[in-house]
Amino acid sequence: MRNIFLLLVLSSCTAMSAPNDPVKQAVEFNNWYVNQISKDVFPITAGNEIDKYVTASTMKKLRHTQDPDYGENGEDFYDADIFLKAQDIGDDWPGNVKAIAGDTDPVCVNVYIAFGKKQDHIVIDCMVKENEIWKVQSVASVEFLRNLDVPE
């Protein structure tokens, strides 16, 4: 009985410290990403390190947007960073990235990420498992959601 209890305790500790957690992965990605941008490195085109954080299907679409002919066929072009939902980063964003909430729906685990000391810029990372690793599938802007005019 004592051995079973010890095994259960060790298993739960291992599970809790496992790096394969959607919230931890979202925070790690956003910390890494905002630090890359602050160094004027564009992760979508600068190497493949971003592939460990973002789904293959999303990266395929984003890399397609870097094609010189992109947009000539009526395709939308985004004027804000696809992951940060902002045109620029705040001076205090590097080092100030935090998960502030989360929820799960049938599609993904939604992780709410706040940037800056005041946490006044928030995005929602839709995290899905790809090959047993949590990755970003898409990102929504909370600011956009705040500005929606919804009839009462």
Side-chain angles (χ1 to χ4, degrees), residues 11 13-151:
S11 297
C13 289
T14 302
M16 290 187 324
S17 65
N20 196 11
D21 171 84
V23 174
K24 181 179 178 185
Q25 188 75 347
V27 170
E28 184 178 317
F29 166 69
N30 283 282
N31 266 316
W32 171 80
Y33 189 83
V34 81
N35 279 293
Q36 295 299 302
I37 297 297
S38 73
K39 298 174 193 171
D40 291 323
V41 175
F42 188 58
I44 293 173
T45 56
N48 295 320
E49 191 171 357
I50 195 170
D51 294 345
K52 70 182 182 182
Y53 297 110
V54 181
T55 64
S57 62
T58 297
M59 287 310 304
K60 181 178 179 182
K61 293 172 190 170
L62 293 176
R63 287 187 173 120
H64 172 68
T65 66
Q66 303 309 304
D67 186 312
D69 295 330
Y70 182 80
E72 291 184 9
N73 299 322
E75 298 157 310
D76 291 332
F77 185 78
Y78 302 99
D79 58 352
D81 184 278
I82 195 72
F83 295 108
L84 300 175
K85 300 298 183 188
Q87 291 182 342
D88 298 305
I89 64 168
D91 292 336
D92 66 343
W93 289 12
N96 291 296
V97 176
K98 184 177 180 182
I100 58 169
D103 62 57
T104 303
D105 63 34
V107 176
C108 58
V109 174
N110 296 295
V111 181
Y112 293 68
I113 300 289
F115 296 90
K117 292 177 183 173
K118 295 181 181 177
Q119 301 180 356
D120 53 0
H121 182 77
I122 302 169
V123 298
I124 307 167
D125 287 352
C126 171
M127 304 294 291
V128 298
K129 269 196 173 180
E130 180 180 80
N131 299 322
E132 299 303 313
I133 298 171
W134 287 100
K135 295 186 176 188
V136 177
Q137 177 174 285
S138 62
V139 181
S141 171
V142 171
E143 188 63 34
F144 173 75
L145 296 175
R146 288 180 191 157
N147 291 332
L148 277 178
D149 288 327
V150 179

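For clarity, every value in this text was computed on a predicted model and none was experimentally measured.
Note on residues 45-57: pairs passing salt bridge (Lys or Arg N to Asp or Glu O under 4.0 Å), not counting sequence neighbours, are Glu49-Lys52, Asp51-Arg63. Sequence neighbours left out, the pairs with a member in residues 122-142 that pass salt bridge (Lys or Arg N to Asp or Glu O under 4.0 Å) are Lys129-Glu132, Glu130-Lys135. Within the structure, side-chain hydrogen bond (donor to acceptor under 3.5 Å, both in side chains) pairs that include any residue of residues 101-110 comprise Asp103-Asn110, Asp103-Tyr112, Asp105-Asn110 (at least two apart or interchain).
What you find for Gln119 and Ala114 is that their closest heavy atoms are CB-CB, 3.5 Å. Across Asp92 and Lys117, no two heavy atoms sit closer than the pair OD2-N, 2.8 Å. Of all heavy-atom pairs spanning Pro22 and Met127, the tightest one is O-CE, 3.7 Å. Between Ile50 and Pro43, the closest heavy-atom pair is CG2-O, 3.6 Å.
The closest side-chain heavy-atom distance from Trp134 to Asp21 is not below 4.5 Å. Under the 4.5 Å side-chain criterion, counting only non-hydrogen atoms from C-beta, Ile133 is in contact with Gln25. Side-chain contact between Val97 and Ile113 is present, with heavy atoms from C-beta onward closer than 4.5 Å. In this structure, Ile124 and Val142 have side chains that are in contact, with non-hydrogen atoms separated by less than 4.5 Å.
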Using distance only, find each side-chain donor-acceptor pair of residues 33-41 under 3.5 Å and give its atom names and separation, not counting sequence neighbours.
unit_1: Tyr33; atom_1: OH; unit_2: Asp81; atom_2: OD1; d: 3.2
unit_1: Tyr33; atom_1: OH; unit_2: Asp81; atom_2: OD2; d: 2.6
unit_1: Asn35; atom_1: ND2; unit_2: Asn31; atom_2: O; d: 2.7
unit_1: Ser38; atom_1: OG; unit_2: Asn35; atom_2: O; d: 2.8

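Annotation: the span from Ile100 atom CD1 to Ile122 atom CD1 amounts to 3.5 Å, rounded to 0.5 Å.
Residues passing the side chain to side chain donor-acceptor pair (under 3.5 Å) test with Thr58 are Thr55, sequence neighbours excluded. Residues satisfying the side chain to side chain donor-acceptor pair (under 3.5 Å) criterion with Asp91, sequence neighbours excluded, are absent altogether.
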Residue pair Leu84, Val123: steps toward the side chain to side chain contact (heavy atoms under 4.5 Å, CB included) verdict: CA-CA 7 Å; Leu84 300 175; Val123 298; 5.6 Å; no
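Taking the six-membered ring for Trp and thresholds of 30 and 60 degrees, Phe83 and Phe29 have ring planes more than 60 degrees apart, a perpendicular arrangement.
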